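Beneath this line is the structure, given in structure tokens, with notes to follow.
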Amino acid sequence: MYNYLVFFDLDATLFDNNSEITPEIATAMDQIRTNGGLPIIASGRTLYEIPVTLQKTKIDTVIASNGDYGMYQNQTAFSRRINPDTIDKLAAFAAEFGNSVTVLDQRGKGSTAHDELLIKACKHVHAPLPKLVTTNYWHQRPIDMMFVTNTNLDQAYQEEFGAVLSFYRNSPFSIDVVDHGASKATGIEQLIRTEQLTGIPTYAFGDGNNDIPMLDYVDHPVVMGNGLPNVKEHAEFITTANTNHGIVKGLQHFDLI
């Protein structure tokens with residue numbers, strides 16, 4: 001069916017430093033398809049956040065919400081919903097520290113508060129502030145991704161909720177939160193199994209902590225030159241930075257384009 005599958009993180013990987021797709025990247029995605037490959041986004045972001053990205057890249061297959069949601073050829077392949085009662089408890093726990101919780105599904109997002117760290121987190125990824133919401137919002141929607149604002153409480157959240165949720169420090173201002181055990185790797189595995197894509201060589205490009213499970217899962221892991229030092233330890237090949245033709249050079253290294 002395909003000669004190879006390539007999974008791309010977005011922020012600081014496929015995106016430039018303004019969280020945008022450059023013409024060079026759009027052309028590279030076309031070249032992948034011409035060579036019989038399938039470009040796939042694998043991101044902590046949701047579909048709601050990336051319509052322009054999908055349009056510019058013409059990508060129709062996505063692992064979103066850090067592995068809690070999958071789309072294949074513009075159709076839902078799988079999804080996992082976070083228990084709303086668990087979100088109640090997380091929101092109450094976060095409030096004790098003055099932290100906010102932002103909840104997301106594939107159609108929208110909302111936050112419990114507009115705290116200073118949320119403002120910084122949104123600016124960090126060039127995203128607008130989510131609307132303010134209350135408990136009813138996440139009890140009525142299939143929430144599959146969250147992030148909680150804080151700078152140094154990773155261990156506290158892990159100890160309190162580690163049995164039911166998984167946490168990935170993905171910015172200086174917030175921690176990504178998904179259903180327990182979910183990761184980009186579990187999303188990739190489920191997509192491959194559900195859509196019968198087994199036996200096809202796999203490649204992945206990433207830069208951050210939430211990319212590590214994906215990098216360890218695929219056949220050929222590539223880390224951006226701007227990636228975190230600990231993430232580079234998981235690379236077969238370290239390419240140049242996302243702002244220095246890193247995607248193209250990585251694809252060329254493996255003769256994918």
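In this text the structure is predicted, and so the values were computed from the model without any measurement.
In this structure, S183 OG and I63 CD1 are separated by 10.0 Å, a value rounded to the nearest 0.5 Å. With rounding to the nearest 0.5 Å, the separation of NE2 in H245 from CD1 in I25 is 10.0 Å. Here the CE atom belonging to M146 is positioned 11.5 Å from the CD1 atom belonging to I175, to the nearest 0.5 angstrom.
Closest approach of L191 to F78, counting heavy atoms only: N-CE2, 3.8 Å. The heavy-atom pair separating F15 from R45 by the smallest distance is CE1-NE, 3.9 Å. Across all their heavy atoms, F8 and P39 have their closest contact at CE1-CB, 4.1 Å. Between I21 and A26 the shortest heavy-atom distance is CG2-N, 4.1 Å. Shortest non-hydrogen contact noted between N99 and N150 is OD1-CB, 3.7 Å. In terms of heavy atoms, S65 sits closest to T46 at OG-CG2, 3.4 Å.
Aromatic ring orientation, Y157 versus F161: parallel (interplanar angle below 30°, classes split at 30° and 60°).
Counting only distance, with no hydrogens or angles, the side chain of N3 and the backbone of N35 share a donor-acceptor pair below 3.5 Å. Distance alone, capped at 3.5 Å, places no donor-acceptor pair between the S111 side chain and the H114 backbone. At least one donor-acceptor pair under 3.5 Å links the side chain of D16 to the backbone N or O of N18. A donor-acceptor pair under 3.5 Å links the side-chain atoms of S166 to the main chain of G181, judged by distance alone. Remark: side-chain polar atoms of N83 are paired, donor with acceptor, to backbone N or O of D85 under 3.5 angstrom. Judged by distance alone, with hydrogens and angles left aside, the side-chain atoms of D68 form a donor-acceptor pair with the main-chain N or O of D179 at under 3.5 Å. Between the side chain of R80 and the backbone N or O of I82 there is no donor-acceptor pair closer than 3.5 Å.
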| field | CA sep, side-chain torsions, deciding dist, call: E160, K89, salt bridge (charged side-chain N to carboxylate O under 4.0 Å, His left out) | value | CA-CA 10 Å; E160 187 72 17; K89 296 174 183 176; over 6 Å; no

| Are N17 and N242 close enough, and set up right, to give a side-chain hydrogen bond (donor to acceptor under 3.5 Å, both in side chains), and what steps lead you there? | CA-CA 8 Å; N17 286 351; N242 63 317; 3.3 Å; yes

| field | Pair N210-N66, side-chain hydrogen bond (donor to acceptor under 3.5 Å, both in side chains): steps then yes or no | value | CA-CA 7 Å; N210 64 333; N66 279 320; 2.8 Å; yes

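Inter-residue side-chain proximity for M71 and Q106 is flagged as unmet; no heavy-atom pair is nearer than 4.5 Å. Side-chain contact check for T112 versus W138: some heavy-atom pair is nearer than 4.5 Å.
Checked by atom type, the side-chain pair D207/T13 shows a donor-acceptor distance below 3.5 Å. Judged purely by distance below 3.5 Å, without hydrogens or angles, the side chains of D11 and H124 never pair a donor atom with an acceptor atom.
With respect to the salt-bridge test (charged N to carboxylate O, under 4.0 angstrom), the residues E20 and K56 do not qualify.
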Only pairs under 3.5 Å count here: list side-chain donor-acceptor contacts from residues 194-204, not counting sequence neighbours, and write none if there are none.
| residue | atom | partner | partner atom | Å |
| --- | --- | --- | --- | --- |
| T194 | OG1 | Q190 | O | 2.8 |
| T202 | OG1 | D219 | N | 2.9 |
| T202 | OG1 | D219 | OD2 | 3.2 |

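Residues meeting the salt bridge (Lys or Arg N to Asp or Glu O under 4.0 Å) test with R81, sequence neighbours left out: none.
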